[in-house]
Peer 1: 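First, the structure itself, so that you have it in front of you.
Numbers for residues simply follow the sequence, beginning at 1. For the numbers below, each heavy atom of this structure counts, side chains included, while hydrogens, waters and symmetry mates do not.
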Amino acid sequence: MLQFENVHWNQLLVLWGPTLLKAAAVMLIGMWLARRLTGMVPAALTRFGFDPMLGNFLRNIAYIAAVVIVVVVALGTLGVQTAPLLAVIGTAGLAIGLALKDSLSNIASGVMLVTLRPFHVGDVVTAAGQTGTVREVRIFQSVIEGPDKQLHTIPNNLITSAVITNLTTQGIRRVELVIGIGYGDDIDKARSVALEQVRADPRVLDEPGADAVVYELGDNAVNLGIRCFVKASDWFGTKTTLLERIKVAYDAAGINIPYPQRDTHLYLYDRDGERASLPAPRADVPASNDAAA
């Protein structure tokens, strides 16, 4: 057991007191400066025209680096040899890096995102299977707010390893409606009615112009592709409005919008495999259709 009877506390306090106070002051002042200085990074970069996403990312990295420096300086104030300590930190960093290679890949992916900038904070993107507004790019993850106001936190390496679709960069988006008409309906008339409704909407842009083309001859309908361009912020509202207006206009113009249907035919055969005719309906039983939709 440790014996403290012969310890001269006064001498220890005189000998180590100033050093301990100096180290504590270095820690406190260093942590305060690290927090204050790194907190100024986003505002400074934004003032010079850089994206806020880059500022927030660099602030986090700079704060971690500043904390490591402050701790090393404080230990040096206590008389600890910093050279061996730095060697130990480097070795430990290598071991931790090998153990956390997936996390380091997220950091590398985060650096790629803020350097290459495939999107900015506030852009609407589709990344890693999620569509929403970019709210933040952190060291390990990015935060995307979905249309239902849920926050999706996605590891950065999943974003950079897949296709990133930025729906905001160009400022406009194409509204594409696929509407089927009957094979007996007039295609030119259906095209004219649809384009009339599209061009009547003030949100639809004049350039590029709207058009309506035949996409395919389907099993049950002739499918028309009705296309126009709107501002990115108007995309969803314009799409739903045009769907409703074209349906109402087609009804008024007598143009059918078919739905899938099938005809069922019933055949009877006798014991010899010969086709037999249906029995005559009974007088007391109402006749039924022999073809069902």
Peer 1: Go through the structure and list residues passing salt bridge (Lys or Arg N to Asp or Glu O under 4.0 Å) with Arg135, not counting sequence neighbours.
Peer 2: Glu145
Peer 1: Could you tell me if the side chain of Tyr215 sits less than 4.5 Å from the side chain of Glu176, heavy atoms only?
Peer 2: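 Yes, their side chains come closer than 4.5 Å.
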Peer 1: Enumerate the salt bridge (charged side-chain N to carboxylate O under 4.0 Å, His left out) contacts for residues 240-257, please, sequence neighbours excluded, ordered by first and then second residue.
Peer 2: Asp201-Arg245, Lys247-Asp251
Peer 1: Please examine the side chains of Ile159 and Phe119, heavy atoms only from C-beta on, and report whether any two atoms are closer than 4.5 Å.
Peer 2: yes
Peer 1: If I compare all heavy atoms of Val204 with all of Val230, which pair ends up nearest, and what's the gap?
Peer 2: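 Looking at all heavy atoms of both residues, the closest pair is CA-CG1, 3.9 Å.
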Peer 1: Could you pull out all residues at least two apart from Gln150 that satisfy side chain to side chain contact (heavy atoms under 4.5 Å, CB included)?
Peer 2: Asp148, His152
Peer 1: Side-chain heavy atoms nearer than 4.5 Å, only ILVMFWY residues, links allowed to pass through others: does that put Val175 and Leu195 together?
Peer 2: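 Different clusters: Val175 never reaches Leu195 through Ile, Leu, Val, Met, Phe, Trp or Tyr contacts under 4.5 Å.
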Peer 1: Can you tell if the side chain of Leu116 reaches within under 4.5 Å of the side chain of Thr160, non-hydrogen atoms only?
Peer 2: no
Peer 1: Among all residues two or more places apart in sequence or in another chain, which pass the side chain to side chain contact (heavy atoms under 4.5 Å, CB included) test with Tyr250?
Peer 2: Ile179, Ile181, Ala190, Val193, Ala194, Leu224, Ile226, Ile246, Ile255, Ile257
Peer 1: Roughly how far, to the nearest 0.5 Å, is the OG1 atom of Thr38 from the CZ atom of Arg36?
Peer 2: 10.5 Å
Peer 1: Enumerate the side chain to side chain donor-acceptor pair (under 3.5 Å) contacts for residues 180-189, please, sequence neighbours excluded, ordered by first and then second residue.
Peer 2: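 Applying side chain to side chain donor-acceptor pair (under 3.5 Å) to every pair that reaches into residues 180-189, excluding sequence neighbours, yields Asp188-Arg191.
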Peer 1: For Thr133, what residues pass the side-chain hydrogen bond (donor to acceptor under 3.5 Å, both in side chains) criterion, not counting sequence neighbours?
Peer 2: none
Peer 1: So which heavy atom on Glu136 is nearest to which on Arg138, and how close?
Peer 2: OE1-NE, 3.4 Å
Peer 1: Work out which heavy atom in Val134 is nearest to a heavy atom in His120; give both atom names and the distance.
Peer 2: CB-O, 3.7 Å
Peer 1: For residues Arg203 and Thr238, report the shortest heavy-atom separation together with the two atoms involved.
Peer 2: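 What the structure gives for the nearest pair is NE-OG1, 3.5 Å.
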Peer 1: Would the distance check show the side chain of Asn106 and the main-chain N or O of Asn157 forming a donor-acceptor pair, the cut-off being under 3.5 Å?
Peer 2: yes
Peer 1: Using side chain to side chain contact (heavy atoms under 4.5 Å, CB included), reason through Leu177 and Val198 one step at a time and then give a plain yes or no.
Peer 2: CA-CA 11 Å; Leu177 309 177; Val198 170; 5.7 Å; no
Peer 1: Measure the spacing between CG of Asn156 and OG of Ser161 and express it to the nearest 0.5 Å.
Peer 2: 10.5 Å
Peer 1: Could you state the interatomic distance from CD (Gln130) to CG (Leu158), rounded to the nearest 0.5 Å?
Peer 2: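 One finds 10.5 Å between CD of Gln130 and CG of Leu158.
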Peer 1: Hydrophobic clustering (ILVMFWY, side-chain heavy atoms < 4.5 Å, transitive) - are Leu28 and Val71 grouped together?
Peer 2: no
Peer 1: Between Thr153 and Gln141, which heavy-atom pair has the shortest distance, and what is it?
Peer 2: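 So the two residues come closest at CG2-CB, 3.5 Å.
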Peer 1: Tell me whether Leu217 shares a hydrophobic cluster with Ile187, the cluster being built from Ile, Leu, Val, Met, Phe, Trp, Tyr side chains joined at under 4.5 Å.
Peer 2: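 Leu217 clusters together with Ile187.
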Peer 1: Identify the two heavy atoms, one from Pro118 and one from Ile164, that lie closest to each other, and give their separation to 0.1 Å.
Peer 2: CG-CD1, 4.0 Å
Peer 1: Consider only side-chain heavy atoms of I, L, V, M, F, W and Y, link residues closer than 4.5 Å, and tell whether Val143 and Leu113 are in one cluster.
Peer 2: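 As far as the 4.5 Å side-chain criterion goes, Leu113 and Val143 are not connected within one cluster.
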Peer 1: Taking atom CG of Leu205 as the centre, report whether more than 12 heavy atoms of other residues, nucleotides or ligands fall under 6.0 Å from it.
Peer 2: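 Counting other residues, nucleotides and ligands, CG of Leu205 exceeds 12 neighbours.
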Peer 1: Please answer: with hydrophobic residues joined when any side-chain heavy atoms are less than 4.5 Å apart, are Trp235 and Val125 in the same cluster?
Peer 2: no
Peer 1: Would a distance-only check, ignoring hydrogens and angles, find a side-chain to backbone donor-acceptor pair under 3.5 Å from Thr168 to Val124?
Peer 2: yes
